[in-house]
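Chain letters run A, B, ... following the sequence lines, proteins first and then strands; every chain starts at 1. Here the structure is a predicted model, which is why all the values come from computation and not from measurement.
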2 protein chains.
Amino acid sequence: MEDTGWRPVKRTRTFEDVLAQIERRITEDGLTVGDRLPAERQLAEQLGVSRSSVREAMRVLETLGVVSSQVGRGPDAGAVLTSRPDSALTDLLRLHLGLATLEMREVIDTRHMIEQWAAAQAAASRADTSALAAALAGMDAARTAEEFVEHDTAFHCAIADASGNRLIAAIMRSLRDSMRRYSVEAVRRLGDTSVLRADHVRILEAIERGAAGEATRAVSEHLAHAYPSLFAGPG
Amino acid sequence: MEDTGWRPVKRTRTFEDVLAQIERRITEDGLTVGDRLPAERQLAEQLGVSRSSVREAMRVLETLGVVSSQVGRGPDAGAVLTSRPDSALTDLLRLHLGLATLEMREVIDTRHMIEQWAAAQAAASRADTSALAAALAGMDAARTAEEFVEHDTAFHCAIADASGNRLIAAIMRSLRDSMRRYSVEAVRRLGDTSVLRADHVRILEAIERGAAGEATRAVSEHLAHAYPSLFAGPG
DNA sequence: GACCACAGTATGGTCAGACCATACCGAAGC
DNA sequence: GCTTCGGTATGGTCTGACCATACTGTGGTC
């Protein structure tokens, strides 16, 4: 069984070729968010492929949160370049959680890591904290666990936003989306949310004071309070 | 302009419906990696939709790294459930970097965060370090910057693997993929890689000793050595 | 001149049916 | 037992058609 030096020819499906050409146009022509791609029929003709292949490429781009298609006519119709990495990441996580390729534990650990980092960054850069305060007020006014989690999510995503890193913020948002149901259950089990409130205030104040280390610690302890089962367990 | 309580009906495209049904089957029937989905024609008939719609749904699932399609006949043909979140994340990052929605700085900061965390986890759990040692040997034998970066990537991904968190590991792999070209350039600019080697040895030893704090510090300083422009710059 | 109703049209969404290349399966022949 | 070769199920692609949508422009009305 000698190595002949031959390698299998990479099979390129038509829609992958279309994809590659669109991507090339994006990078080379410097297309940016808001720009429109040619209409499907037009693109198909220009590339010499069928409309089906163009459509399959569009589905991929849409899945990755790079384009958004609108029917009808006019300036807003057609395929427009967008930037929605959040929903793509959310879909990714949800499906892989469903496939049992990922476990909730891994998602929460990742969230823990991100949130500590983001809180420290936000504190260090003295970021704007008005969104945090608004979310805090929303939690105080919440009447159900779902509502509470809604504003809690806003609070924690605002921390990620405040870090100034859009990639981190997008990952954070999709992580929270994936664990929404889990979080609601955790809040219900907890019953009393006053401990969480105190934690939130502590985090907010640490960020406002610019105390990065304290912000990190506060986040860590907050997560231990919110998900005690994951931190106290034997494993 | 009063709120009538009416909300626009969410337009559901056929392929989205197909997608939802497939996802439901995955979660409810407990389908897992290696299981096969029905053939496209069969699925189309069962769902009462056209094959095009089924195919568009397949493209989405394939993009998200959940299924893999093989032509031909036999046990391996057709749409098989897989788990490749890495390539999906890589595509996501590459496209959004191309769209200038993300900057390399954000990618590298994210990598910095992940790697510190992963090194600490690996040290704390006394993870197996044989992959790290192998990558180190590979770097020593490398004759070009590309080869060096290849094994360097393997080294750093092995740290993420050693953390035991598959989500973190997948993110790490896609981050490295996205910055490959950037890394090669950085190594070329650096010229001498002996500093990097010393850093790697220090990281490896810290993990082997179970010294989490030292591992974190070692990673941090290593990144400062590898990308001096991002850490010394004026802001 | 301002406004409104309506036909025209470009867009994505969907469908049906055909053909191709691939790769396994199995029977026929050696 | 082995090889050969046709059968067949699979995804990949193409064509052409029709639908729903939503803007555009025209022409009429006041």
- Which part of the nucleic acid does B:Gly72 contact within heavy-atom distance under 4.0 Å: base, sugar-phosphate only, or nothing? base
- Grab the CG-P distance between B:Asp76 and D:dT10 for me, whole Å please. 14 Å
- Item | Distance-only donor-acceptor test (3.5 Å): side chain A:Arg41, base C:dG12 | yes
- Message: Heavy-atom count check: over 12 atoms from other residues, nucleotides or ligands less than 6.0 Å from A:Arg94 CZ?
- Response: yes
- Between A:Ser50 and D:dT15, is there a side-chain N or O to OP1/OP2 distance below 4.0 Å? no
- Are any of the side-chain nitrogens in B:Arg13 or B:Glu56 under 4.0 Å away from the carboxylate oxygens of its partner? no
- Query: Do other residues, nucleotides or ligands put more than 12 heavy atoms under 6.0 Å from A:Glu45 CD?
  - Reply: no
- Presence of salt bridge, B:Arg188 and B:Glu185, under 4.0 angstrom: no
- Less than 4.0 Å between a side-chain N and a carboxylate O, is that true for A:Arg176 and A:Asp152? yes
Below 3.5 Å is the cut-off: list the nitrogen or oxygen pairs between protein and nucleotides 4-6 of chain C, distance only.
none

- Query: Looking only at side-chain N and O atoms, does A:Arg51 come under 4.0 Å of OP1 or OP2 in C:dG12?
  - Reply: no
- Has B:Ser52 got a side-chain N or O lying under 4.0 Å from the OP1 or OP2 atom of C:dG13? no
- Query: Separation of A:Glu16 atom CD from D:dG12 atom P, in whole Å?
  - Reply: 9 Å
- DNA chain D: A:Phe15 or A:Val71, which has the more 5' nearest nucleotide? A:Phe15
- Note on the structure: Atom CE of B:Met58 and atom P of D:dT13 are separated, to the nearest Å, by 15 Å
- Item | Short side-chain N/O contact from B:Arg55 to OP1 or OP2 of D:dG12, under 4.0 Å | yes
- Task: Starting at atom CG of B:Leu43, determine the distance to atom P of D:dA9, rounded to an integer number of angstrom.
- Result: 18 Å
- Rounded to the nearest angstrom, tell me the gap between atom CG in B:Leu19 and atom C1' in C:dG13. 15 Å
- Message: Nearest whole Å is fine: how far is D:dC23 P from A:Arg36 CZ?
- Response: 12 Å
- Query: Out of curiosity, A:Leu132 CG to A:Ile159 CD1, how far, rounded to the nearest 0.5 Å?
  - Reply: 5.5 Å
- Message: Classify B:Glu56 by what it touches in the nucleic acid, base, sugar-phosphate, or nothing, heavy-atom distance under 4.0 Å.
- Response: nothing
- Message: Students often get this wrong, so: under 4.0 angstrom with heavy atoms, is B:Ala77 touching a base, only sugar-phosphate, or nothing?
- Response: nothing
- Distance in angstrom units between B:Glu40 CD and C:dT22 C1', rounded: 14 Å
- Are there more than 12 heavy atoms of other residues, nucleotides or ligands under 6.0 Å from atom CZ of A:Arg84? no
- Message: With a sphere of 6.0 Å drawn around CZ of A:Arg25, does it hold more than 12 non-hydrogen atoms of other residues, nucleotides or ligands?
- Response: no
- Query: Quick one: does A:Arg73 reach the base of D:dT24 with a side-chain donor-acceptor pair under 3.5 Å?
  - Reply: no
- Among the candidates C:dT11, D:dT10, C:dT14, find the nucleotide nearest to the side-chain atoms of A:Ala39. C:dT11
- Task: Please report, rounded to the nearest Å, how far the C1' atom of C:dT11 is from the CG atom of A:Leu37.
- Result: 14 Å
